[in-house]
Amino acid sequence: MRERLSVLFLIFLMSLASLMAGTPVINDFQSSKASQQVRLMDYLRLYLSASDPDGFPLSYEWTITQDPTAKAYFTSSANTTFVGGGGAELAFPWVSTSDTVNRPFVGQSVQISVLVKHANVADGPETTSRTFNVTLTGINHPPVPVITGTLGTPTNRIPTGSPVVATSGSSYDPDPGDSYRSDWTVGSGTGGALMDLLTIIGSEGSTMSFTVPNMIGNVDLQVILQLTDGMHRIRSSAIAYLKPADATPPVTGNTAPMVTVTTPVHKTVGETLILTGVVTDNDGDELEISCAWLQAEKAVSPTAITATPVAAAPPAKRWEVAVDLGPVASPGTFMVRLAARERYTADFKTAAADAVINVETVGTNQPPVARITYHLQSGTPQAAPESAVALQPPATIILDGTNSEDDGGSAALAYLWTITDNLTSGGVTLTNATTSTASLSIASNTQGTVTVGLKVTDQSGLNSSATLSFSVTPPKLTAKVAVKAGATPVASAVEEGTVITLDGSGSTASDGSKTHLTYAWRQLEGPLVSLTGIDSDKATLVAPGVDLDGTLLTFELKVIDTQTGETAQEQAIVTVDIGAIYFAQLGFGNLVGGEQLRSVLLLVNNTAQAANGIALEFYGSDGQPLPAVIDGQPWTNQIFSVPTRFSKRLEFGGMGDNVKVGWARVKSARKLNGLVLYQVVDSATQQVKREIPVFSSTRGRSFTTYFHPTEEMALAIANPSDQPVQITVSVVDYVDGQETVIVSKELYPSRARLLPKQHGARFIDSNLLGELPPSFKGGALRIDADGEIIVTALKTKEGVILSALPVAAAK
């Protein structure tokens, strides 16, 4: 006792000394955890609570003390590390827009320190501090905005008084399981003018709508969508095509033809001028085509006009026209007019297009312009960029100079291809060096740079050049991981219990072989799972059970080349989500004494994303579909949604006078919580007289509850799995400190097992258990199954089962 008083007195003295010192004290129970996690391009809020024993005001000085990315900053003060108050928000931008550059920072830590001191220097120099370690767990990629909905078209506009609906439902985020926020605004409009203000409904949701107001003339109105995901603010826009309610219908009747000219604008004296163009008549009328060439203010007749019909959607007619205007006699500026006139219409409508031709003498010839395009074997041709093109050997590149230009036409150009190189190994070969198209072959062991030159020369000897460079690097050891469910690649989240294969067989050595590679798999993130085949090219695992919002599993493959000692790593992410199927036992109908039995099912979405596409099916005890009335309307199995952090209430009623008992099956892509309310209501007033709430039960293989032999009890059990389960109930007692099993019985002895996706309810009485010993006064009831089941135990009275099995996670 004396020693205990001494210890207490010592603690008192230590506390008193601390109070006299006036040192600020950090209140750990109110502070953020010292270890935090965040992704690149996300925000993180840190909070620290501190107090001063003397009651003096405190200030908080936040500092980034270690940052491997050199990018993190405090959002409240971009140019200083001081943030007033006990909270600080940090931003973690990308190091680069390239995932290859960002990825090495994943798994590293940013260290944040906060110094707590007196706000007034006169209150004392005492300080205290706290350090937060923030782990970078991944890379947040920007969402992709896609706008769909009822927006109209230029030819089918939405009139005044009608709704315009825009939705972001087709938008997506490349990060599995990530969410984003949709914000809508309306931008500028072109055309007419709106007479009334727009009232937008749902400006901060996935769907926005408004009613078209009065307007003068047609309006092309800009609809703007912004998706927010962490630090990403991605905008996209679409056009809503609007028209007044009394908009004038489009003019019908004969329309004029259309003429366009595509003739070259430069020629030299003596060249033959071929005028080309396109003539179209949308009404399909027969046309007369003519051409006039004014030279020295004199019209010169063409020697030939060729008009070739081209297929067009009826009734339109289209011609490609070529007019031979002969050789150009003298230099100067001339005008050519191509015209079309309807032959057989009442108003003979016409159209024309002009082209100005500049004719130069031979002495004014301009140098050609050399241009290079290239492609890898059967790849798509691309224009030569200014920077070097990265390649891996071996490779064959097709070099094409036919896009080069000359005022005398590219057909008369002469081509010369050359190569210069700076290679440390290997070699290159150029073929067809004097044709418009050449070929460059790069040997398999080549490393260094190669520059291809093209020189084009016209008939007068004028020339120009262009170059294209390649940076050749031999392939390296590459680790490549594919995530598969069976033989199917996984492109989205998988359900709990799915067998996943991490396939690293696509990894290759620098020489393209696989024979001297070794493999090592390890898990980096997420709930620990058992990996099979960790030293082979394929590893397998079973997706674990997850909480409401699912989970991410991150794995790494390390590949080693045993001949060269090279190593390479690649990560794979598996997103695990629930495969949600839920059960609820329900009843409704008329009771004796002017009362009714009514069931209410509450669905609660606690996840961070909306639960869309929810289906609810209702079955009788015989397993056949059972008609029901929900919220006063006949239920037709329509699909519905529950928004994030929201709930939905479904009130069940019956069809007919008899009491109906059955069960509902809820299918959802998101895990939901649930509550069933059994209500006894007055038939005349519909007032609730009695109510029994039953919450969601959990799943498992073994359950224990209190049991008394004189009290009535019932069990409601569902099998959410894909396999039948065998269920045993046991009455257990403790006698002289030792566990004693009084009796153990199969719950369904006649059929032995509960079938997949089925449920059942049964009284726990002498019909099941038999007569219990008189000495047994109460103990435990244990329920055991050879597969996961969902159990709800309820007391009963006078042989009436008011049991329920509300929504709970399946598999």
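- Here the side chain of Ser168 pairs a donor or acceptor atom with the backbone of Ser206 at under 3.5 angstrom.
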Next on the checklist: Please determine whether side chain to side chain donor-acceptor pair (under 3.5 Å) holds for the pair Asn102 and Ser96, giving the CA-CA distance in whole Å, both sets of side-chain angles, and the decisive distance to 0.1 Å.
Outcome noted: CA-CA 6 Å; Asn102 289 329; Ser96 166; 5.2 Å; no
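- More than 12 heavy atoms of other residues, nucleotides or ligands sit less than 6.0 Å from atom CZ of Arg233.
- Nearest heavy atom pair, residue His141 against residue Pro174, reads CB-CG, 3.6 Å.
- With hydrogens and angles disregarded, no donor-acceptor distance shorter than 3.5 Å links the side chain of Asp631 to the backbone of Leu650.
- To the nearest 0.5 Å, atom CG of residue Leu227 and atom OG of residue Ser179 are 11.0 Å apart.
- When side chains are defined from C-beta on, Ile614 counts as touching Val642, because their heavy atoms get closer than 4.5 Å.
- Atom OG1 of Thr160 is separated from atom CG of Asn214 by 5.5 Å, given to the nearest 0.5 angstrom.
- Across all their heavy atoms, Gly401 and Leu454 have their closest contact at CA-CD2, 3.9 Å.
- Counting only distance, with no hydrogens or angles, the side chain of Gln638 and the backbone of Thr636 share a donor-acceptor pair below 3.5 Å.
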Checklist entry - After noting the C-alpha distance and the side-chain angles of Thr185 and Ser203, does the key distance pass the side-chain contact (heavy atoms from CB on, under 4.5 Å) rule? => result CA-CA 7 Å; Thr185 55; Ser203 61; over 6 Å; no
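- Looking at every heavy atom in both residues, Phe618 comes nearest to Ala628 through CD2-CB, 3.8 Å.
- Between Arg235 and Asp183 no salt bridge is recorded (no basic side-chain N to carboxylate O distance below 4.0 Å).
- Classified by interplanar angle (parallel below 30°, tilted 30° to 60°, perpendicular above 60°), the ring pair Phe470/Tyr374 is perpendicular.
- Note that OG1 of Thr260 and CG of Leu338 are 8.5 Å apart. Values are rounded to the nearest 0.5 Å.
- Asn637 approaches Leu616 most closely through the heavy-atom pair OD1-O, 3.2 Å.
- Shortest non-hydrogen contact noted between Ile158 and Pro163 is CG2-O, 3.9 Å.
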Next on the checklist: Could you go through Thr437 and Ile398, starting from their C-alpha distance and side-chain angles, then the distance that decides it, and tell me whether this counts as side-chain contact (heavy atoms from CB on, under 4.5 Å)?
Outcome noted: CA-CA 7 Å; Thr437 303; Ile398 306 302; 3.8 Å; yes
Item to check | Pair Glu342-Leu287, side-chain contact (heavy atoms from CB on, under 4.5 Å): steps then yes or no | outcome: CA-CA 5 Å; Glu342 296 174 349; Leu287 301 177; 3.8 Å; yes
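- Summarising the geometry, atom OG1 belonging to Thr148 is positioned 10.0 Å from atom CG belonging to Leu225; distances are rounded to the nearest 0.5 Å.
- By the 4.5 Å heavy-atom criterion applied to side chains, Leu151 and Val164 are counted as neighbours.
- The pair Arg371-Glu405 counts as a salt bridge, with a side-chain nitrogen and a carboxylate oxygen less than 4.0 angstrom apart.
- Residues Met231 and Thr75 have side chains not in contact (no heavy-atom distance under 4.5 Å, counting atoms from C-beta outward).
- Under the 4.5 Å side-chain criterion, counting only non-hydrogen atoms from C-beta, Phe640 is in contact with Leu603.
- Enclosure of atom CD in Glu204 is not indicated, since only 12 or fewer non-hydrogen atoms of other residues, nucleotides or ligands lie within 6.0 angstrom.
- Remark: the backbone N or O of Asn140 is paired with a side-chain donor or acceptor of His232 at under 3.5 angstrom.
- Note that the CG atom of Leu601 and the CZ atom of Arg649 stand 10.5 Å from one another [nearest 0.5 Å].
- Within 6.0 Å of the OH atom in Tyr43, the count of heavy atoms belonging to other residues, nucleotides or ligands exceeds 12.
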Item to check | CA sep, side-chain torsions, deciding dist, call: Ile147, Trp184, side-chain contact (heavy atoms from CB on, under 4.5 Å) | outcome: CA-CA 11 Å; Ile147 302 176; Trp184 297 90; 4.1 Å; yes
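- Using a 4.5 Å cut-off on side-chain heavy atoms (C-beta onward), Lys71 and Trp94 make no contact.
- Thr150 has its side chain out of reach of Ser162: every pair of non-hydrogen atoms, C-beta onward, lies at least 4.5 Å apart.
- Put simply, the side chain of Asp220 reaches to within 4.5 Å of the side chain of Tyr241, judged on heavy atoms.
- Heavy-atom contacts from other residues, nucleotides or ligands closer than 6.0 Å to CG of Leu197 number 12 or fewer.
- Asn403 contributes atom CG, which lies 5.0 Å from atom OG1 of Thr373 (distance to the nearest 0.5 angstrom).
- In this structure, Lys349 places its NZ atom where more than 12 heavy-atom neighbours from other residues, nucleotides or ligands lie under 6.0 Å away.
- For Asp178, the salt bridge (Lys or Arg N to Asp or Glu O under 4.0 Å) test picks out Arg39, with sequence neighbours left out.
- By the 4.5 Å heavy-atom criterion applied to side chains, Leu468 and Ile397 are not counted as neighbours.
- Minimum heavy-atom separation, Thr228 to Gln226: OG1-NE2, 3.5 Å.
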